[in-house]
Amino acid sequence: YACHAAAAFELATRLATGLSALAVPGNWDRRRWNWFGPEIWEELFREAGYHFLLNHEYCDRGIRFWGTDDFRCGTPSYRVPARKCFSLVISHNPDAIIPMEEHYASIDLILCGHTHGGQVRIPGLGAIETSSFYWRKFDYGHYRHDHTGTHLIVTSGLGQSGVPFRFFCRPEMVLIRLHYHPAGNIAPNRSATTEAAAK
């Protein structure tokens with residue numbers, strides 16, 4: 001809720017590492033823009049030490065980060081990088097990046113959340129319900145595009161939506177380590193990524 005914004009940004013300030021701290025809008029953030037316009041929201045993130053990526057890029061140490069607008073309440077877009085580099089897309093909702101398939105050849109890794117992993121998962125079946133047009137297809141885990149090799153990680157996140165309850169769907173923070181290859185390219189440590197996404 002908007003009345004908790006000060007406490008939320010105080011926590012965000014403590015979480016900033018001094019390295020590249022990035023933020024993208026989610027559906028609840030976008031809904032708050034009735035109270036806080038995007039300029040104020042961006043300023044709050046900047047004061048907390050974050051680069052707010054709203055259909056915008058940020059480059060650091062050979063990695064090109066692209067943050068999309070929210071899928072449900074905004075207008076997500078993507079621009080192909082001007083030169084070949086390791087490209088990482090951050091999108092709150094995986095539904096936003098599915099229509100970008102024609103650009104996957106320029107994207108190495110996509111990070112998403114929003115679905116909360118379904119919150120309630122039945123062993124052997126998966127999520128009962130997800131907040132996605134694709135239902136359970138991209139509800140949680142590590143995916144790899146067959147043709148481009150683009151990796152997609154959808155985390156279950158830390159919070160809940162609706163009923164504050166989870167079943168066989170633990171909250172998580174995912175740590176992804178990127179390593180330089182001998183050719184100077186950067187790629188995710190796939191074994192670590194898969195392990196982290198599976199937890």
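- Two residues are said to be in side-chain contact when any heavy atoms from C-beta on lie closer than 4.5 Å; Val24 and Leu22 fail this criterion.
- The two atoms that bring Gly62 and Cys85 nearest to each other are O-CB, 4.2 Å, heavy atoms only.
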Check: residues 110-125 side-chain donor-acceptor pairs under 3.5 Å, at least two apart:
{"unit_1": "His114", "atom_1": "ND1", "unit_2": "Asn27", "atom_2": "OD1", "d": "3.3"}
{"unit_1": "His114", "atom_1": "ND1", "unit_2": "His92", "atom_2": "NE2", "d": "3.1"}
{"unit_1": "His114", "atom_1": "NE2", "unit_2": "Asn93", "atom_2": "ND2", "d": "3.4"}
{"unit_1": "His114", "atom_1": "NE2", "unit_2": "Ser131", "atom_2": "O", "d": "3.2"}
{"unit_1": "His114", "atom_1": "NE2", "unit_2": "Ser131", "atom_2": "OG", "d": "3.0"}
{"unit_1": "Thr115", "atom_1": "OG1", "unit_2": "Gly117", "atom_2": "N", "d": "3.2"}
{"unit_1": "Thr115", "atom_1": "OG1", "unit_2": "Asp139", "atom_2": "O", "d": "2.5"}
{"unit_1": "His116", "atom_1": "ND1", "unit_2": "Gln119", "atom_2": "OE1", "d": "3.4"}
{"unit_1": "His116", "atom_1": "ND1", "unit_2": "Gly159", "atom_2": "O", "d": "3.1"}
{"unit_1": "Gln119", "atom_1": "OE1", "unit_2": "Ser161", "atom_2": "N", "d": "2.4"}
{"unit_1": "Gln119", "atom_1": "NE2", "unit_2": "Ser161", "atom_2": "O", "d": "3.4"}
{"unit_1": "Gln119", "atom_1": "NE2", "unit_2": "Val163", "atom_2": "O", "d": "3.2"}
{"unit_1": "Gln119", "atom_1": "NE2", "unit_2": "Phe165", "atom_2": "O", "d": "3.1"}
{"unit_1": "Arg121", "atom_1": "NH1", "unit_2": "Gly117", "atom_2": "O", "d": "2.7"}
{"unit_1": "Arg121", "atom_1": "NH1", "unit_2": "Asp139", "atom_2": "OD2", "d": "3.0"}

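- Although no hydrogens or angles enter the test, the distance criterion places no donor-acceptor pair under 3.5 Å between the side chain of Asp108 and the main chain of Leu88.
- Two residues are said to be in side-chain contact when any heavy atoms from C-beta on lie closer than 4.5 Å; Pro94 and Phe71 fail this criterion.
- Annotation: His56, atom NE2; neighbour count of heavy atoms from other residues, nucleotides and ligands within 6.0 Å does not exceed 12.
- Phe133 carries Arg72 over the face of its six-membered ring, with the cationic atom under 6.0 Å from the centre and within 45° of the normal.
- Taking both residues in full, the closest heavy atoms of Thr68 and Ser91 are given as OG1-OG, 3.0 Å, listed atom of the first, atom of the second, then distance.
- With a 4.5 Å cut-off on side-chain heavy atoms, Asp95 and Phe138 do not count as touching.
- Annotation for Ser77 and Trp66: closest pair O-NE1, 2.8 Å, computed over non-hydrogen atoms.
- The CG atom of Asp146 lies 12.0 Å from the OH atom of Tyr104; values are rounded to the nearest 0.5 Å.
- Looking only at side-chain heavy atoms (C-beta outward), Leu15 and Tyr50 come within less than 4.5 Å of each other.
- With rounding to the nearest 0.5 angstrom, the CZ atom of Arg64 is 8.0 Å from the CD1 atom of Ile107.
- Distance check, rounded to the nearest 0.5 Å: CG of Leu109 to CD1 of Ile90 gives 9.0 Å.
- At most 12 non-hydrogen atoms from other residues, nucleotides or ligands lie less than 6.0 angstrom from CD of Glu129.
- Side-chain polar atoms of Thr130 and Ser132 form no donor-acceptor pair below 3.5 angstrom.
- Closest heavy-atom contact between Val154 and Tyr140: O-CD1, 3.4 Å.
- Atom CZ of Arg79 sits about 11.0 Å away from atom OG of Ser87, to the nearest 0.5 Å.
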